[in-house]
Number of protein chains: 2
Amino acid sequence: MTARFTVTARVLAVLAAFSATNPRLTLTEISRRTGLPLTTTHRLVGELAAWGALERAGDGRYRIGLRLWEVGSLAPRSLGLRESAMPFLEDLYEVTRENVQLAVLDGTEVVYVERLSARSAVSVITRVGGRLPLHATGVGLVLLAHSPPELQERVLAGPLRRYTRKTICRPDELRRMLADVRRTGVAISDGQIELVSLSVAAPVRGPGGEVVAAVSVVVPAPETHPATNPLSYVPAVRAAARGISRALGHS
Amino acid sequence: MTARFTVTARVLAVLAAFSATNPRLTLTEISRRTGLPLTTTHRLVGELAAWGALERAGDGRYRIGLRLWEVGSLAPRSLGLRESAMPFLEDLYEVTRENVQLAVLDGTEVVYVERLSARSAVSVITRVGGRLPLHATGVGLVLLAHSPPELQERVLAGPLRRYTRKTICRPDELRRMLADVRRTGVAISDGQIELVSLSVAAPVRGPGGEVVAAVSVVVPAPETHPATNPLSYVPAVRAAARGISRALGHS
DNA sequence: GACGGCCCTTCCGCTGAGCGGAAGGATGGT
DNA sequence: ACCATCCTTCCGCTCAGCGGAAGGGCCGTC
């Protein structure tokens, strides 16, 4: 039988077999999910485990290992960014007592790099290291609004997935929203992922003024909490974004 | 020429070429650090970059990519643990206003999984994703004290690296400290890594009662700040450790 | 302009690292 | 005992991976 692809690609396929919904897998499950023969999987997994990229627990299942996370933590766009942003995220968390999030753009999705949550804050489905589409989240809208036109067109070309009845799914509506974000400098996403949540987000800029991340607070939506005034969060989110930008060398 | 080791091992060697002191590398530097011929390095790096494990910036240098961190964030012992611990870390941070850290054991070192720092807190050299030896840090002493005897003997066999004049470097002294940690349930490490810092650490337990992590506060050392009373932090650190343990299913 | 140092990028004949079917084993449930 | 599921080991075969060689780009120095 001919090999389907390179060893490197196979190794990476093994790593990509793990997900938030399938964080622990048997050898056979990894084989199935990757399409690699069991013996091949066995060889690769064995080596990855020896190195620490995968760890095998008492139940015989494999999970992503500490060593992989450790190397991954060197990524400037994740924990490197988080390091610079943390004081300002903490400040924002202090003054709002709500969910605070930091995210970056990757492909056509946002990747959440950090999150600080109060026990009393509205629950959010985001996970550090997790992804969501650009069009439906505060941080995603900020990142999309400031991205190259080609990317914007690509996203606008759809499909724009619906999460709730409030999710922006029409390209013309999204286009207007993006223009508004660029004009006002903040994005307000109300009930687009979950009806109970509203996020206020602002752009974080790098040394050359380019938008490199977005910071947001997620608060109860006015629909379920009439006392919520989204606009009251704008100054604090802006201040946090400016602080982080400064820490990143933006002048 | 005979290959020195497998493709998988080579891929992992490329990833391991990156470190906190060398987070960005040229292709030639990666080749040098791994000992792989330039052409081989070029092939592997190209594929890793295509996948997102490495990212190449405008300066032509490679750095660890977001995708690798993203997969790594699935590791139960890092961000998975952090997720459960975060509320309690935040509480500890609130009540102390000092550095708060969460760490796990790997090999003969601690790996820092999370850190919350106040701007006014004493500076610490630890980095999320970074490592330090077990014998010289509060969290390390906790993890070592509760580790299998073989590991303890291995560490006691040395070498025990010295960081300051206060670092415990004699095996008999360390053995006594470990017994003390087990007896009192907390570790106090005074000026062992930096003379200006003192840490108070306690064990975090998993469902079966096994120690799976350690939580600590790092405060100014009494030597430089005579007003510091380390014992005053013990109850709060203990409470945080208990809270995290409970969240992990320990009863 | 010439030269050297450094950092790539591409090519392609050769061969041994990687492949995976086959065989066998362990465990748990019925 | 049988079956399903999940491994673990073996080994002949072949093509994926190898890396020296060739070539190129960029920058600094003389």
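Residue numbering restarts at 1 for every chain, and letters A, B, ... go by the order of the sequence lines.
Dashed line: the shortest gap from a side-chain N or O of A/Arg10 to OP1 or OP2 of D/dA16 is not under 4.0 Å.
With C/dG21, C/dC11, C/dG18 as the candidates, the nucleotide lying closest to the side chain of A/Thr39 is C/dG21.
Side-chain atoms of B/His135 do not come within 3.5 Å of backbone N or O of B/Gly158 as any donor-acceptor pair. Checking side-chain atoms of B/Ser31 against main-chain N and O of B/Leu36 turns up a donor-acceptor pair under 3.5 Å. Remark: the backbone N or O of A/Val218 is not paired with any side-chain donor or acceptor of A/Gln101 at under 3.5 angstrom. In this structure a side-chain-to-backbone donor-acceptor pair under 3.5 Å is present from B/Thr34 to B/Ile30. The backbone N or O of B/Gly65 lies less than 3.5 Å from no partner atom in the side chain of A/Arg77, so there is not a single donor-acceptor pair.
Remark: A/Thr8 engages A/Thr6, A/Leu12, B/Val7, B/Val11, B/Leu44, B/Glu47, B/Leu48 in a side chain to side chain contact (heavy atoms under 4.5 Å, CB included) (not counting sequence neighbours). Remark: B/Arg24 engages no residue in a salt bridge (Lys or Arg N to Asp or Glu O under 4.0 Å) (not counting sequence neighbours).
Rounded to a whole Å, the CG atom of A/Leu38 is 14 Å from the P atom of C/dA22.
Between its two ends, the helix from C/dG1-D/dC30 to C/dT30-D/dA1 turns its axis by 40°, counting five pairs per end and rounding to 10 degrees.
Map A/Gly60 and B/Thr40 each onto its nearest nucleotide of DNA chain D; the residue landing nearer the 5' end is A/Gly60.
The existence of a salt bridge linking A/Arg115 and B/Glu83 is confirmed by a sub-4.0 Å separation between a basic side-chain nitrogen and an acidic carboxylate oxygen. A salt bridge links A/Arg131 with A/Asp106: the closest approach of a Lys/Arg side-chain nitrogen to an acidic carboxylate oxygen falls below 4.0 angstrom. Looking at B/Arg175 and B/Glu153, a side-chain N of the basic residue comes within less than 4.0 Å of a carboxylate O on the acidic one, giving a salt bridge.
Heavy atoms of A/Arg61 sit nowhere under 4.0 angstrom from any nucleic acid atom.
Using a 4.0 Å cut-off on heavy atoms, the residues of residues 18-31 of chain A that approach DNA chain D are A/Thr26, A/Leu27, A/Thr28, listed by number. Within residues 42-59 of chain B, the residues that have a heavy atom under 4.0 Å from DNA chain C are, in order of number, B/His42, B/Arg56.
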Could you go through residues 14-21 of chain B and list every donor-acceptor pair under 3.5 Å that involves a side-chain atom there, pairing it with any protein atom two or more places apart or in another chain?
from    : atom 1 : to      : atom 2 : distance (Å)
B/Ser19 : OG     : B/Thr21 : N      : 3.4
B/Ser19 : OG     : B/Thr21 : OG1    : 3.1
B/Ser19 : OG     : B/Asn22 : N      : 3.0

